[in-house]
Amino acid sequence: MTPFSRQTTGQPPSNTDQSSSISAANREDNDRNGETTQKLLQNAHLVHAILLTDRLDLKNLRILDESSIALHTTNVDEFMRRYWKELRSPATQDEPIWRGTANEMERLSSGACRNMKRAFFEYAMRAVEEDCNFTPYCSMVHALFTGIKQHLVPHRTDLHDVWLNDDSVMDIESVDGMLVPLIPAADVLSRLEAPCRTCSTMAWLEMVRSADGSVSDKYGMSVVEYAVASVVFLLLKTDVCSMDIINVVLRNNAPTIYSMGNEYERERFQKMYGNFDSCLTPNTKDWLDRIWQQCDKDGGCIPSNILDIQTAIRSTGFVDELLFSKSRFSMPEVFDFDTAQINQIRGICRAAVVGSVLALHCINVTSVSISRFNEFPLDDDLRRYRDRISCSLLENSKDPKEFEKNVALSIIGLAKFLKSSLSKEHEKSLERMVVYTVRGEDRVLDVLDKRLRILFKQACRVSANNTVFAGNCGQSITGVTRTEKGINGSFSSQKDYWCQQTIKLASQQGFNLFADEIANASFMAKRILDVAWNNFGDYLFVKLFVTVSKDREWID
């Protein structure tokens, strides 16, 4: 009998319902729904995130986690051959995977985090292989046990003492014993996971229990490397299972929080800034004053009723004065929790306008049909080049020359992808066009900026009760029948329907390469405004706007 097949006495108690991780969540929280809701309400950012979710999409609400996505369908072989090797390889600036983000700091942070993990894995392996020191490895196993006990079965002390006993880790004295304490941990984990997750855990267990000690040879690893990789695999699976349980608890409580959220946010706002009748919100008042001035400048049509005020706030106020403003401004206090989202939308809009102009130049130089950008979703390679363009356009570079060089490299990269035989002359031509465009000298910039501004104004004018909005030049997006049963057609969420229709409209306006990002950004802009108006419309916006109007009329 090998250490890999060491038998244990008895079996850990299994769930009566193994259909999903929901059973684990229900068992832990079934009698504490009210208490759980109150705890969730203490997290103001979480409450706001729930409010930003469309009511019909609450059933799809989940906390995104990279490891959860990566391991959703990952089997053991795929992990050992691909994911584990990726974790062990150094993160570099020119990684082939850009994660679909235009945020440079996110990319750098992700790379630094992976390099730290890699360094620790290397340290744990060297400690065993060179010094027969199992302490770093044991700390990883302790972390696995702790994760399962604290996050998956905190009240199952019977499992803690028998199957997840920390003393068993101290028995590791040889390489052959490194996998032994992982077997009961994986056994417990496999009984708590959802079916789509547990297959890979069971496959690992079967492989280890039936092996004769040479299981690591299958992947070209040493026994030590395979043991460390196995701990990492089970740690990630534990995180995913924990995330599943959190998501179930979140979805179960989200409707209640959604119904209470607006009142909760009004109370929180008044605690911070005072009662609505006398609150101190200088940035919000200054923002409303700019809206009044812009309305006056556009023809003297000052909003005189609630509907006109709401339209002015959604269109002139949010789109012109926040999303597309080229002047420095202080974020209105009513958008305290939306600052990051608004800045992200501003970045997407800026990258979409400039990037689309550069994409048009790229098409002209390469003589490729624009229909190449009409496939949705974009293929992975094209998306990767698009994301590189976005990253280069949004990079905070103090040196204009360096900024122009990086943008040019990203555009030339796209051109070479579209036409592998790109000549040096064409490269030089693209470099000149990049300089001309990023310096704001290309007239097409104003055309696309106006088009995108109109698209966002139409989207943001939507009331919270429907998703109908008309595009430019009479183009329209058909509305959605909102029912509790679901959404028109075969779409899984309100957002999916919105985005598919908006992608069509954005493509018709010349934003083919960035249409999906524009669609997501316009949906988020709409949700931010819906929540803001529900929170503060009659309570604050109307009162402050009337005050601003009276002050302006007195000055005039």
Side-chain angles (χ1 to χ4, degrees), residues 96 98-104 324 344-395 397 403-456 471-472 499 502-522:
W98 283 66
R99 306 296 183 193
T101 177
N103 189 323
E104 181 73 4
F324 287 82
Q344 184 180 28
I345 295 171
R346 282 170 54 85
I348 289 172
C349 291
R350 187 166 66 252
V353 170
V354 180
S356 294
V357 174
L358 293 174
L360 289 175
H361 289 314
C362 192
I363 287 172
N364 291 332
V365 167
T366 59
S367 300
V368 174
S369 172
I370 195 172
S371 61
R372 183 68 185 273
F373 297 159
N374 286 344
E375 297 178 4
F376 296 104
L378 295 173
D379 67 64
D380 291 341
D381 289 330
L382 192 55
R383 179 184 295 275
R384 185 157 58 245
Y385 284 106
R386 191 275 308 278
D387 291 340
R388 290 184 179 182
I389 293 171
S390 294
C391 284
S392 64
L393 288 170
L394 297 177
E395 186 176 8
S397 177
F403 172 73
E404 292 168 359
K405 178 183 176 182
N406 291 336
V407 175
L409 287 173
S410 65
I411 290 297
I412 291 173
L414 173 62
K416 287 182 176 179
F417 169 71
L418 297 175
K419 185 178 181 180
S420 57
S421 58
L422 193 70
S423 67
K424 291 293 183 181
E425 182 181 347
H426 284 158
E427 288 187 29
K428 293 293 184 182
S429 176
L430 281 174
E431 288 176 357
R432 290 193 297 270
M433 291 175 182
V434 165
V435 173
Y436 184 68
T437 303
V438 298
R439 291 181 182 180
E441 298 173 0
D442 194 319
R443 292 184 179 181
V444 183
L445 287 170
D446 292 334
V447 175
L448 292 189
D449 183 85
K450 183 178 179 180
R451 288 181 183 179
L452 191 58
R453 193 182 294 238
I454 290 174
L455 188 151
F456 268 85
N472 192 20
C499 287
T502 310
I503 283 172
K504 294 178 183 178
L505 183 58
S507 298
Q508 293 166 1
Q509 299 299 317
F511 298 101
N512 308 61
L513 194 59
F514 295 84
D516 56 340
E517 298 229 320
I518 290 172
N520 283 305
S522 67

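The closest side-chain heavy-atom distance from Leu452 to Phe324 is below 4.5 Å. With a 4.5 Å cut-off on side-chain heavy atoms, Val434 and Ile412 do not count as touching. Between Phe417 and Arg384, every side-chain heavy-atom pair lies at or beyond the 4.5 Å cut-off. Annotation: side chain of Asp516 is not in contact with side chain of Cys499 (no heavy-atom distance under 4.5 Å). Tyr385 is not listed as a side-chain neighbour of Lys416, based on a closest heavy-atom distance of 4.5 Å or more. Looking at Glu404 and Glu431, their side chains never come closer than 4.5 Å, going by heavy atoms from C-beta outward. Residues Met433 and Ser429 form a side-chain contact, since some pair of their non-hydrogen atoms from C-beta on lies under 4.5 Å apart. The side-chain heavy atoms of Ile454 and Gln509, taken from C-beta on, include no pair separated by under 4.5 Å.
The environment of CG in Asp380 is sparse: at most 12 heavy-atom neighbours from other residues, nucleotides or ligands sit within 6.0 Å. More than 12 heavy-atom neighbours from other residues, nucleotides or ligands sit within 6.0 angstrom of NZ on Lys419. In this structure, Glu425 places its CD atom where only 12 or fewer heavy-atom neighbours from other residues, nucleotides or ligands lie under 6.0 Å away.
Taking CD1 from Ile411 and CD1 from Ile389, the interatomic distance works out to 3.5 Å, rounded to the nearest 0.5 Å. For the atom pair CD1 of Ile518 and OG1 of Thr502, the computed distance is 10.0 Å after rounding to the nearest 0.5 Å. In this structure, CG on Asn406 lies 5.0 Å from CD on Glu395, to the nearest 0.5 angstrom. One distance of note links CD of Gln508 with CG of Leu455; it measures 10.0 Å at 0.5 Å rounding. In this structure, CG on Leu394 lies 8.0 Å from CZ on Phe403, to the nearest 0.5 angstrom. A distance of 10.0 Å separates CG in Leu505 from CZ in Phe511, rounded to the nearest 0.5 Å.
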For the pair Asp449 and Arg453, evaluate salt bridge (Lys or Arg N to Asp or Glu O under 4.0 Å) and give the outcome as yes or no after the intermediate values.
CA-CA 6 Å; Asp449 183 85; Arg453 193 182 294 238; 3.3 Å; yes
When you look at Asp387 and Glu517, which way does the side-chain contact (heavy atoms from CB on, under 4.5 Å) test go after all the steps?
CA-CA 10 Å; Asp387 291 340; Glu517 298 229 320; 4.2 Å; yes
For a side-chain contact (heavy atoms from CB on, under 4.5 Å) check, start with the C-alpha distance between Leu382 and Leu414, then their side-chain angles and the critical distance, and finish with the verdict.
CA-CA 8 Å; Leu382 192 55; Leu414 173 62; 3.7 Å; yes
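One N or O on the side chain of Arg386 and one on the backbone of Leu513 form a donor-acceptor pair closer than 3.5 Å. With hydrogens and angles disregarded, a donor-acceptor distance shorter than 3.5 Å links the side chain of Ser423 to the backbone of His426.
Shown here for Leu422 and Ala415, the closest heavy-atom pair between the two residues is CD2-CB, 3.7 Å. Considering all non-hydrogen atoms of both residues, Ser390 and Phe514 come closest at OG-CE2, 3.3 Å.
Scored by the ring pair (Phe, Tyr, Trp, His ring centres under 6.0 Å) test, Phe373 finds no partners at all (sequence neighbours excluded).
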Per-pair distances, 0.1 Å, donor-acceptor, side chain in residues 349-362, under 3.5 Å, sequence neighbours excluded:
from, atom 1, to, atom 2, distance (Å)
Ser356, OG, Ala352, O, 2.6
His361, NE2, Asp442, OD2, 2.7

